Amino acid sequence: MNSMKKNCKESSTGRQITKWYKTKGRNNLPWRENITPYRVWISEIMLQQTQAKTVVNYFEKFISNYPTFEDFKSASEEDVLSLWKGLGFYRRARNLYRAKEMILKKFNGKLPNSFENLITLPGIGKSTAGAILSIAYKLPYPILDANVKRVLTRLFFKTNSNEKELWDLSSQILDKKNVDDFQQGIMDLGATVCTPKNALCGECPLNKQCISFSKGELPTVNVKKINKKNVYLEFEIYEKNQKIFLIKNNQLGFWDGLWIMPIAKTKQLKTEIIHKLSHRNLHISFANRSKDELKSEGKWFDIAQLSKLPTPKPISDKLSVYVQNFL
DNA sequence: GACTCGTGGAG
DNA sequence: TCTCCAAGAGT
């Protein structure tokens, strides 16, 4: 009896979110137009751990290259990485390629519409599967991204909440009859109203039932402390006849699959630039070398090719100097 | 279950 | 400048 009452109240919360979304949601996000499973899939992968604003340009560029799954079929891993250049978390791009190959081989070229099949695809976990099922197929599955987590922990005042509890809450408040709008709504609510700092509680449609709001206090969240390591890298620049020599990286433990310059085996700690990764601070320097010293396995690239080549940010920046001079 | 993967926005 | 943190998944 008690749980029935609870469910009733919670699904009304879901309807309030859906209602709020229809007038106050973000209505300028490209993946919300012309919704297809393919477009939802691409956007959801790009949006993992990445703010919507950052994704917009990458999504539009990707879609203009591959408007439909049919167009995407023949893309190579390198093609996908090129379109991912600068977006970060490049494993997503490689997994997107692998997933595409699996869809062709195992699912007859159609993105699955069942949870069990979706999560077998590389790069699609529980939350992304839930988003695809909800938004593309209108099936009531929960999602639990950073926005939903924040909204739920505050709404129900869950201090140091555990994942399972939040997944249960996410399932319970679902507006099953309007899952697509509801899911986008709860994410918008987290992104624009229930923000990490300076939340706009006065504008929140849930403020009357929000425990945190009534307490005038936010639940504590456990913050992971990251021990950042300093890494010193000297890149070797080989140039001849308007060409630059690069190697496909698989040795650093990050930037896998991207093209970089050969790395010098120097013990001298020099720093031209500091590039910050999520878990390391890279102290980077560059050294001009003559091609006689070249020993690495790699390829010479015309300078004209470099702008499209998948390279990590600091390498792209360095190479852009050559591109500028070349033009 | 802790750790790792990138880059940029925002305060 | 510095810190937090983002439509998470894989190992």
Side-chain angles (χ1 to χ4, degrees), chain A residues 21 25-26 29-32 35 39-59 81 84-96 98-99 118-136 141-152 162-164 166-167 170 180 182-192 194-200 221-229 231 249-250 252-258 260 273-282 284 310-317:
Chain A
Y21 170 70
R26 291 178 285 186
L29 300 174
W31 48 88
R32 290 184 178 172
I35 290 178
R39 288 167 60 94
V40 173
W41 171 42
I42 301 300
S43 66
E44 287 302 328
I45 301 300
M46 288 187 170
L47 286 161
Q48 289 168 359
Q49 290 290 286
T50 311
Q51 293 183 341
K53 187 175 181 178
T54 305
V55 168
V56 169
N57 290 337
Y58 285 89
F59 178 78
L81 277 172
W84 219 267
K85 179 178 182 175
L87 189 57
F89 284 155
Y90 299 98
R91 183 170 57 191
R92 293 181 296 177
R94 301 196 310 278
N95 281 339
L96 187 64
R98 292 176 52 207
L118 275 175
I119 57 170
T120 66
L121 295 173
I124 298 183
K126 193 174 177 184
S127 192
T128 299
I132 293 172
L133 291 165
S134 301
I135 298 169
Y141 282 82
I143 63 180
L144 193 61
D145 72 328
N147 291 309
V148 177
K149 275 185 191 171
R150 191 169 50 254
V151 170
L152 294 178
N162 63 53
E163 292 263 317
K164 185 185 182 317
L166 293 178
W167 275 110
S170 178
D180 49 346
F182 165 79
Q183 297 292 23
Q184 310 208 69
I186 192 169
M187 289 190 282
D188 281 9
L189 195 60
T192 65
C194 195
T195 48
K197 292 173 185 173
N198 305 325
L200 306 174
V221 288
N222 30 8
V223 201
K224 302 175 210 167
K225 281 189 178 175
I226 297 172
N227 251 5
K228 280 205 177 188
K229 290 183 177 174
V231 177
N249 172 49
N250 62 354
L252 288 172
F254 50 91
W255 295 342
D256 270 356
L258 302 189
I260 61 174
I273 57 170
I274 295 178
H275 182 78
K276 295 178 178 179
L277 300 178
S278 52
H279 287 71
R280 303 169 223 243
N281 289 332
L282 305 182
I284 294 175
T311 50
K313 178 66 164 56
I315 303 298
S316 307
D317 289 348

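Each chain gets a letter, A, B and so on, in the order the sequences are listed, and its residues count up from 1. Quick caveat, the model's predicted, so the values are computed rather than measured.
Rounded to whole Å, the separation between the C1' atoms of C:dA7 and B:dA2 comes to 23 Å. B:dG8 and C:dA9 are spaced 23 Å apart, taking the P atom of each and rounding to whole Å.
In this structure, A:R32 CZ and A:D180 CG are separated by 10.5 Å, a value rounded to the nearest 0.5 Å. To the nearest 0.5 Å, the span separating OH on A:Y58 from NZ on A:K85 amounts to 9.5 Å.
Not a single ring-ring contact (aromatic ring centres under 6.0 Å, His included) links A:F254 to another residue, sequence neighbours left out. The ring-ring contact (aromatic ring centres under 6.0 Å, His included) test applied to A:F59 returns A:W31, not counting sequence neighbours.
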Problem - A:V55 and A:S43: CA distance, side-chain angles, deciding distance, side chain to side chain contact (heavy atoms under 4.5 Å, CB included) verdict - result: CA-CA 8 Å; A:V55 168; A:S43 66; 5.6 Å; no

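Among the atoms of the strands shown, base atoms are found under 4.0 Å from some heavy atom of A:L87.
A:N95 and A:R92 are not linked by any side-chain donor-acceptor pair at a separation below 3.5 angstrom, with hydrogens and angles left out of the test.
In this structure, the CD1 atom of A:I226 is 13 Å from the P atom of B:dG6, given to the nearest Å. Counting to the nearest Å, the C1' atom of B:dC3 and the NZ atom of A:K228 are 15 Å from each other. Whole-Å rounding puts the A:R94 CZ to B:dT4 C1' distance at 12 Å. Atom C1' of nucleotide C:dG10 and atom NE2 of A:H279 are separated by 14 Å, given to the nearest angstrom. At whole-Å resolution of the value, CG in A:N162 and C1' in B:dA2 are 16 Å apart. For the pair A:L252 CG and B:dT4 P, the interatomic distance rounds to 16 Å; values are reported in whole Å.
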Practice task
Take nucleotides 2-9 of chain C nucleotide by nucleotide from the 5' end and write B, S or -, depending on whether a protein heavy atom sits under 4.0 Å from the base, only from the sugar-phosphate, or from neither.
Solution key: ---SBBBB

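Comparing A:K225 and A:P312 by the nucleotide of DNA chain B whose heavy atom lies nearest to each, the residue mapping closer to the 5' end is A:K225.
Phosphate contact (OP1/OP2 of B:dT7, side-chain N/O of A:W255, threshold under 4.0 Å): present. Dashed line: the shortest gap from a side-chain N or O of A:Y90 to OP1 or OP2 of B:dT7 is under 4.0 Å. Checking the phosphate oxygens (OP1, OP2) of B:dT7, a side-chain nitrogen or oxygen of A:H275 falls inside 4.0 Å.
In terms of modelled atom types and a separation under 3.5 Å, the side chain of A:R98 and the main chain of A:G123 share no donor-acceptor contact.
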